[in-house]
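Okay, structure first, notes after.
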Amino acid sequence: MSLTKSERAIVMSMWDKVSTQADAIGTETLERLFSSYPQSKTYFPHFDLHQGSPQLRAHGAKVVAAVGEAVKNIDNLSCALTKLSELHAYILRVDPVNFKLLSHCLLVTLAARFPADFTAEAHAAWDKFMSIVSSILTEKYR
Ligand code: HNI
């Protein structure tokens, strides 16, 4: 599976806006994840996951920064995500289901913050992009 030219263009142009509020978007994404899908909290027993906690905000910022790196390397995703893939597969052993949930929460956050940009085409492009990123981060499980 790979992105078409126009899907790439949509993701890249929307990223310009996302990056101006990256940290807040990361925090909101994780808040949505942990409140809608509390089972995902089991990977973070060492974190204070209350809304707005410093750990939650710091982690949200890291996750969105990694998505930003992926956007920058959109033509070379496997390579760009190698380290993170090893971390999630070998060390963290996150069940791949959680990647779908996190991706969904990111999309909801983007839709809520950029309603005019979040057309059906943008929705589909981001969904495909995040599913490619997620499959790279989980492919080492097999
Ligand atoms: Ni994830 C650490 C990026 C999905 C649980 N994760 C990271 C780090 C980045 C990151 C960046 C920090 C790495 C470092 O410190 O070197 N994670 C991403 C991205 C996605 C993702 C881009 C999906 C698109 N991670 C998930 C999911 C879960 C998850 C779905 C579980 C629900 N991640 C973790 C945990 C850590 C982690 C746990 C370690 C946290 C810590 O600091 O102890």
Side-chain angles (χ1 to χ4, degrees), residues 1-4 6-115 117-142:
M1 183 172 48
S2 59
L3 295 171
T4 64
S6 75
E7 288 164 342
R8 276 171 217 223
I10 289 172
V11 169
M12 285 161 60
S13 85
M14 201 156 153
W15 183 258
D16 288 340
K17 289 195 181 173
V18 172
S19 62
T20 64
Q21 18 179 310
D23 294 2
I25 287 170
T27 302
E28 185 177 331
T29 298
L30 291 184
E31 283 169 355
R32 288 180 183 275
L33 177 71
F34 297 138
S35 59
S36 298
Y37 309 106
Q39 70 272 25
S40 60
K41 294 196 279 190
T42 53
Y43 295 96
F44 299 89
H46 52 310
F47 272 32
D48 169 8
L49 295 180
H50 291 104
Q51 223 172 335
S53 90
Q55 280 180 316
L56 188 138
R57 286 192 279 121
H59 191 65
K62 279 191 201 171
V63 172
V64 171
V67 174
E69 274 306 301
V71 174
K72 272 191 215 144
N73 294 285
I74 202 159
D75 295 315
N76 195 13
L77 283 173
S78 299
C79 236
L81 294 170
T82 303
K83 274 203 160 160
L84 274 185
S85 171
E86 287 171 355
L87 175 73
H88 288 81
Y90 299 137
I91 298 167
L92 301 170
R93 297 168 196 269
V94 176
D95 188 311
V97 165
N98 293 287
F99 285 83
K100 286 213 162 63
L101 302 175
L102 176 73
S103 299
H104 175 69
C105 291
L106 175 64
L107 263 61
V108 172
T109 303
L110 296 182
R113 287 177 182 250
F114 308 105
D117 298 277
F118 203 80
T119 58
E121 289 76 20
H123 182 166
W126 273 95
D127 183 73
K128 195 166 162 191
F129 175 66
M130 289 307 295
S131 89
I132 294 170
V133 168
S134 298
S135 62
I136 293 168
L137 291 189
T138 54
E139 73 194 355
K140 294 210 160 58
Y141 288 89
R142 279 179 257 128

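Predicted model, so just to flag it, every value in this text is computed and none were measured. Remember, it's 1-based here, ligands and their atoms both numbered in the order they're listed.
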Under 4.0 Å between a Lys/Arg side-chain N and an Asp/Glu carboxylate O for K83 and E86?
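No, K83 and E86 are not salt-bridged.
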
Pairs of nitrogen or oxygen atoms, one from ligand 1 and one from the protein, closer than 3.5 Å: please tabulate them with distances.
unit_1	atom_1	unit_2	atom_2	d
ligand 1	6 (N)	H88	NE2	3.0
ligand 1	17 (N)	H88	NE2	3.0
ligand 1	25 (N)	H88	NE2	3.1
ligand 1	33 (N)	H88	NE2	3.1
ligand 1	43 (O)	H46	NE2	2.6

Crowded around Q39 CD? As in, over 12 foreign heavy atoms under 6.0 Å?
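Yes, enclosed.
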
Partners of [X] by ring pair (Phe, Tyr, Trp, His ring centres under 6.0 Å), sequence neighbours excluded?
X: Y37; answer: none
X: H104; answer: none
X: W126; answer: F129

With a 4.5 Å limit on heavy-atom distance, are the side chains of D117 and I10 in contact?
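No, their side chains stay 4.5 Å or more apart.
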
